Amino acid sequence: MPTRRTFLQTTAATTFVAAAPAFVRGQNLNSKLQLAGIGCDGKGWSDINEMAGHDKTHHVAFCDIDLARTAKVHKLQPDAPIFQDYREMLEKLGDKIDGSTVSTPDHMHARITTDLMNMGKHVYCQKPLTHNVSEARQLRKLAKDSGVITRLGNQIHSHSHYRTAAKTIQDGAIGKVKEVRSWCAATGHGKSGYVDRPKSPIAPPETADWDLWVGVAPMRPYGDVKCYHPWGWRDWQDFGNGALGDFGCHIFDPVFTALNINNGPLSFSAGHTGMNDEIWPAQTHVKYTFPGTEYTTSKSIPISWDDGGSLPSTGGSHIPGDVRLPASGSILIGETGTMVIPHVGAMRLYTGKGTSDKEYPVLESLNHYHGWVDGCLSGKQPSDGFEYGGNLTEAVLLGNIAVRYKGEKLNWNEKEMKITNNEEANKWLSREYRDGWKLDS
Ligand SMILES: NC(=O)C1=CN([C@@H]2O[C@H](COP(=O)(O)OP(=O)(O)OC[C@H]3O[C@@H](n4cnc5c(N)ncnc54)[C@H](OP(=O)(O)O)[C@@H]3O)[C@@H](O)[C@H]2O)C=CC1
Ligand SMILES: O=C1CO[C@H](CO)[C@@H](O)[C@@H]1O
């Protein structure tokens with residue numbers, strides 16, 4: 001753990017001077033990282049509670065658009081003020097806040113995180129990092145320029161299972177990798193109970209500020225309980241990203257780490273079971289081609305994604321025909337063997353002769369949340385910051401653009417951030433922001 005003097009030095013050198021974190025300006029006499037929590041229930045509560053478990057943190061403010069969902073944070077830190085609008089929180093208490101968790105629905109991640117980073121605050125933001133590709137690109141740049149400590153909220157990245165699987169691939173357990181097939185049991189819609197906007201929308205609860213919840217997205221009536229807020233928003237294109245958006249940043253994560261994929265795909269295409277202009281399809285199948293790396297057999301590698309309950313084929317792998325695949329996970333097919341990485345499960349290795357009985361070292365689990373706190377205190381960026389998390393997010397969101405152009409192969413120029421063979425498809429790289437909510441880069 002650094003002394004107060006060392007983190008004063010490291011952080012002062014790297015963050016924006018205009019609105020440096022509280023401890024930089026010597027206001028934090030207890031030398032604790034002073035945190036805010038934006039989004040207080042659901043995953044927000046879990047993020048806040050995990051951060052509070054670090055002995056060098058102190059929560060100084062909370063924000064949730066629904067005051068009915070703030071009882072837990074109030075109990076955790078009764079003297080910390082609770083706001084409904086994060087902008088008011090930052091205006092009033094910005095000089096006391098060193099960093100914040102951002103655990104709102106996806107459509108608000110980029111705007112809130114941009115505002116925090118522009119004020120020199122460290123950010124732990126839930127997955128996917130953003131709602132569109134252009135936002136992810138912007139956050140990657142801002143994280144780099146501002147020097148704040150960032151981390152994507154895909155906590156399994158630090159789990160023994162994913163760390164061990166990635167290391168074992170890099171140690172050559174299955175040789176170089178030829179192909180990856182990932183999948184997830186969740187469906188792209190079905191959480192809200194709607195496939196179109198409710199015909200007779202009810203009023204929002206009095207405790208919730210609906211205008212703030214909608215935020216950057218076009219205004220629409222509240223709808224129905226759980227239709228959007230909370231939970232159901234995942235189904236809707238304006239707010240969520242379907243099953244690929246919900247689970248892609250978890251399930252692709254050990255694949256990207258193992259294969260050291262730091263670039264976007266070269267091309268992508270998709271099929272699905274049907275969609276309209278409002279919701280994501282129940283089932284999608286996405287095919288990507290990524291540039292090869294030192295861990296792949298060729299200059300490019302196919303990576304596929306299935307969701308909504310359909311499992312990938314095990315054809316061409318070393319997996320015996322009678323093996324049942326886990327509900328969600330990835331298959332990595334290598335030159336000498338195949339690895340199955342269950343979503344939050346221990347890796348399974350298969351050779352042509354059956355299950356491999358060779359032992360590989362098991363890496364310990366690290367605390368993902370505390371890793372971010374330690375990074376904020378030491379000035380050292382942990383793995384899975386916004387550069388890595390932004391690249392992962394871009395891949396997931398590009399898959400969702402392919403979903404909009406069923407059966408069409410889209411070619412991607414990553415550097416120019418452009419789909420090169422379908423001009424119209426580029427409109428989905430960004431969105432129209434509601435008046436007053438445009439991202440301030
Ligand atoms: N890493 C993981 O394992 C998981 C990650 N997630 C991610 O966490 C995020 C939140 O998901 P989830 O918890 O299910 O969603 P919720 O809809 O439950 O939202 C979380 C909290 O944020 C509040 N909130 C919504 N909008 C705002 C806003 N603009 N400002 C402040 N607070 C706001 C919500 O209030 P209200 O109820 O009033 O909307 C709620 O208390 C998503 O990005 C999701 O992908 C989710 C689950 C697990
Ligand atoms: O990341 C996540 C993990 O699990 C949840 C469901 O159990 C998801 O919906 C969520 O967004």
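Computed from a predicted structure; not experimentally measured. One-based numbering, in listed order, for ligands and for the atoms of each.
- In terms of polar-atom proximity, defined here as any N/O pair under 3.5 Å, N154 makes no such contact with ligand 1.
- Inclusion of R234 in the set of residues having an N or O under 3.5 Å from an N or O of ligand 2 is warranted.
- With salt bridges taken as basic N to acidic carboxylate O contacts below 4.0 Å, one links D211 and R434.
- Residue Q126 has at least one N or O atom closer than 3.5 Å to an N or O atom of ligand 1.
- Near H250, with a cut-off below 4.0 Å to any heavy atom, the atoms of ligand 2 are 1 (O), 2 (C), 3 (C).
- Of the protein's heavy atoms, P105 CD, 3.3 Å lies nearest to atom 25 (C) of ligand 1.
- Per-residue contacts place W231 under 4.0 angstrom from the following atoms of ligand 2 (heavy atoms of the residue considered): 6 (C), 9 (O).
- Checked against K127 for a side chain to side chain donor-acceptor pair (under 3.5 Å), the options D246, D384, N154 give a single hit: D246.
- For the pair R163 and E364, the minimum side-chain heavy-atom distance is below 4.5 Å.
- Protein heavy atom closest to atom 23 (C) of ligand 1, with residue, atom name and distance, is D64 OD2, 3.2 Å.
- The ring of F268 has its center no closer than 6.0 angstrom to the ring center of F290.
- In terms of protein heavy atoms, atom 18 (O) of ligand 1 is closest to R69 NH1, 3.1 Å.
- The ring of Y124 has its center closer than 6.0 angstrom to the ring center of Y369.
- Nearest non-hydrogen protein atom to atom 21 (C) of ligand 1 is D41 O, 3.5 Å.
- The protein non-hydrogen atom at the shortest distance from atom 3 (O) of ligand 1 is Q155 NE2, 2.8 Å.
- Contact annotation: for W233 versus ligand 1, heavy atoms closer than 4.0 Å belong to the side chain alone.
- Closest to atom 12 (P) of ligand 1 among all protein heavy atoms lies R234 NH2, 3.9 Å.
- If you look at H343 and H250, their ring centroids are closer than 6.0 Å.
- If you take CG on L244 and OG1 on T284, they are separated by 6.0 Å, rounding to the nearest 0.5 Å.
- Note on ligand 1: G215 sits outside its first shell, no heavy atom being nearer than 4.0 Å.
- Of the N or O atoms in G153, one or more lie within a sub-3.5 Å distance of an N or O in ligand 1.
- Looking only at heavy atoms of the protein, atom 33 (C) of ligand 1 is closest to T104 CG2, 3.7 Å.
- The 12-atom threshold is exceeded at NZ of K43, counting heavy atoms of other residues, nucleotides or ligands nearer than 6.0 Å.
- Selection from S103, G44, G39, G245 by nearest heavy atom to atom 20 (C) of ligand 1 gives S103.
- Heavy atoms of A208 come nearer than 4.0 angstrom to ligand 1 in no pair at all.
- Less than 4.0 angstrom separates some heavy atom of W231 from each of these atoms of ligand 1: 14 (O), 17 (O).
- Distances between N or O atoms of K127 and those of ligand 2 include at least one value under 3.5 Å.
- Of all protein heavy atoms, the one closest to atom 30 (N) of ligand 1 is I65 CG2, 3.5 Å.
- Residue L212 has at least one heavy-atom neighbour below 4.0 Å for each of these atoms of ligand 1: 29 (N).
- In this structure, E394 and N263 have side chains that are not in contact, with every pair of non-hydrogen atoms separated by 4.5 Å or more.
- In this structure, atom 9 (O) of ligand 2 has a protein heavy-atom contact shorter than 4.0 Å.
- The protein heavy-atom contact nearest to atom 11 (O) of ligand 2 is D246 OD1, 2.4 Å.
- With respect to atom 5 (C) of ligand 2, the closest heavy atom belonging to the protein is F247 CZ, 3.9 Å.
- The aromatic rings of W213 and H107 are tilted relative to each other, their planes meeting at an angle between 30° and 60°.
- Rounded to the nearest 0.5 Å, atoms CZ (R234) and CH2 (W280) are 15.0 Å apart.
- Contacts between Q84 and ligand 1 below 4.0 angstrom, taking non-hydrogen atoms only, are absent altogether.
- Around the CG atom of D277, the shell of radius 6.0 Å holds no more than 12 heavy atoms that belong to other residues, nucleotides or ligands.
- Within the 4.0 Å heavy-atom criterion, the part of H229 lying near ligand 1 is the side chain and not the backbone.
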